[in-house]
Amino acid sequence: MDIKFKQAQVSDAATVTTLRQQIWATTYRGIYNSKLIDEYDFEAHKQKDIDKITGVQYDVFIVVADGLSAGYFILQCAPNAYIQSLYLLKKYQHQGIGKRVFNHIKAYFAEHNIKQFECHCNTHNTPAQQFYRAMGGRETARSYNHINKRDDQITYLFTI
């Protein structure tokens with residue numbers, strides 16, 4: 001499978017927003033409030049994506065598999081190195097693409113002279129937890145038992 005990482009432009013914002021909508025519907029049903037998924041505010045999310053794409057704080061990448069949009073990830077270098085989002089459509093999971101994405105992320109941070117970075121993972125998203133541990137993530141914090149399951153998070157630290 002041919003995998004590429006395309007830095008998103010403003011013209012790609014709708015693609016990122018659509019990917020998020022599809023991924024939330026399949027991955028976060030039962031974790032996120034159903035209203036958030038069923039009444040997804042496409043235009044509001046698209047504007048947030050445009051703000052991230054055009055802002056200086058984030059770099060947004062689309063994962064392209066055999067010419068099709070398979071997912072996206074958003075990285076932040078300052079003030080702290082952080083994976084803000086890392087999403088793959090279900091049909092592209094468990095094919096080694098996530099590992100390739102993660103290797104790209106590590107190379108990105110290394111190019112920016114960053115030795116450690118973090119990400120958050122929902123405590124109810126067991127497959128993502130397994131993935132982050134397999135990628136070398138070390139759990140450094142856990143926040144759970146919130147009224148809203150969306151707020152239950154694990155922080156993982158990665159060292160390059």
How far apart are the C-alpha atoms of N125 and Y28, what are their side-chain angles, what is the distance that settles it, and do they pass the side-chain hydrogen bond (donor to acceptor under 3.5 Å, both in side chains) test? CA-CA 8 Å; N125 188 346; Y28 291 100; 3.3 Å; yes
side-chain contact (heavy atoms from CB on, under 4.5 Å) between N148 and Y32, worked out: CA-CA 8 Å; N148 184 343; Y32 289 4; 5.9 Å; no
side-chain contact (heavy atoms from CB on, under 4.5 Å) between L86 and I105, worked out: CA-CA 10 Å; L86 192 167; I105 290 170; 3.6 Å; yes
Take R150 and N33, measure what side-chain contact (heavy atoms from CB on, under 4.5 Å) needs, and give me the verdict at the end. CA-CA 8 Å; R150 182 179 184 187; N33 181 303; over 6 Å; no
Would you sort out whether D49 and V60 count as a side-chain contact (heavy atoms from CB on, under 4.5 Å), showing the intermediate values? CA-CA 9 Å; D49 291 327; V60 180; over 6 Å; no
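The number of heavy atoms from other shown groups lying within 6.0 Å of CZ (F42) is above 12.
Pairing each heavy atom of C121 with each of Y156, the nearest pair is CB-CE1, 3.8 Å. When all heavy atoms of I31 and K149 are compared, the closest pair comes out as O-CB, 3.3 Å. Between I53 and A8, the closest heavy-atom pair is CG2-O, 3.4 Å. Between F109 and Q76, the shortest heavy-atom contact is CE2-O, 3.5 Å. Residues W24 and H45 come closest through the heavy atom pair CH2-CE1, 3.6 Å.
Aromatic pair H104/F61: centroids less than 6.0 angstrom apart. Aromatic rings from F102 and F158 are positioned such that their centres are separated by under 6.0 Å.
In terms of the ring-ring contact (aromatic ring centres under 6.0 Å, His included) criterion, residue partners of H120 (sequence neighbours excluded) are, by chain and number, Y82. Every residue two or more places apart in sequence or in another chain was checked for a salt bridge (Lys or Arg N to Asp or Glu O under 4.0 Å) with E118, and none qualifies.
At distances below 3.5 Å, at least one donor-acceptor pair connects side-chain atoms of N122 with backbone N or O atoms of D152. Judged purely by atom type and a 3.5 angstrom limit, D41 uses its side chain to pair as donor or acceptor with the backbone of A44. Without hydrogens or angle criteria, Y40 side chain to T17 main chain gives a donor-acceptor distance under 3.5 Å. Under the 3.5 Å distance criterion, the side-chain polar atoms of D66 are matched with a main-chain donor or acceptor of D2. The backbone N or O of Q22 lies less than 3.5 Å from a partner atom in the side chain of T26, making a donor-acceptor pair. A donor-acceptor distance shorter than 3.5 angstrom exists from the side chain of Q129 to the backbone of T123, with no hydrogens or angles considered.
The pair D59-K52 does not count as a salt bridge, with every side-chain nitrogen at least 4.0 angstrom from each carboxylate oxygen. With salt bridges taken as basic N to acidic carboxylate O contacts below 4.0 Å, one links R29 and D38.
Put simply, the side chain of T155 does not reach to within 4.5 Å of the side chain of E139, judged on heavy atoms.
Taking NE2 from H112 and CD1 from I160, the interatomic distance works out to 11.0 Å, rounded to the nearest 0.5 Å.
A donor-acceptor contact closer than 3.5 angstrom links the side chains of Q47 and D51.
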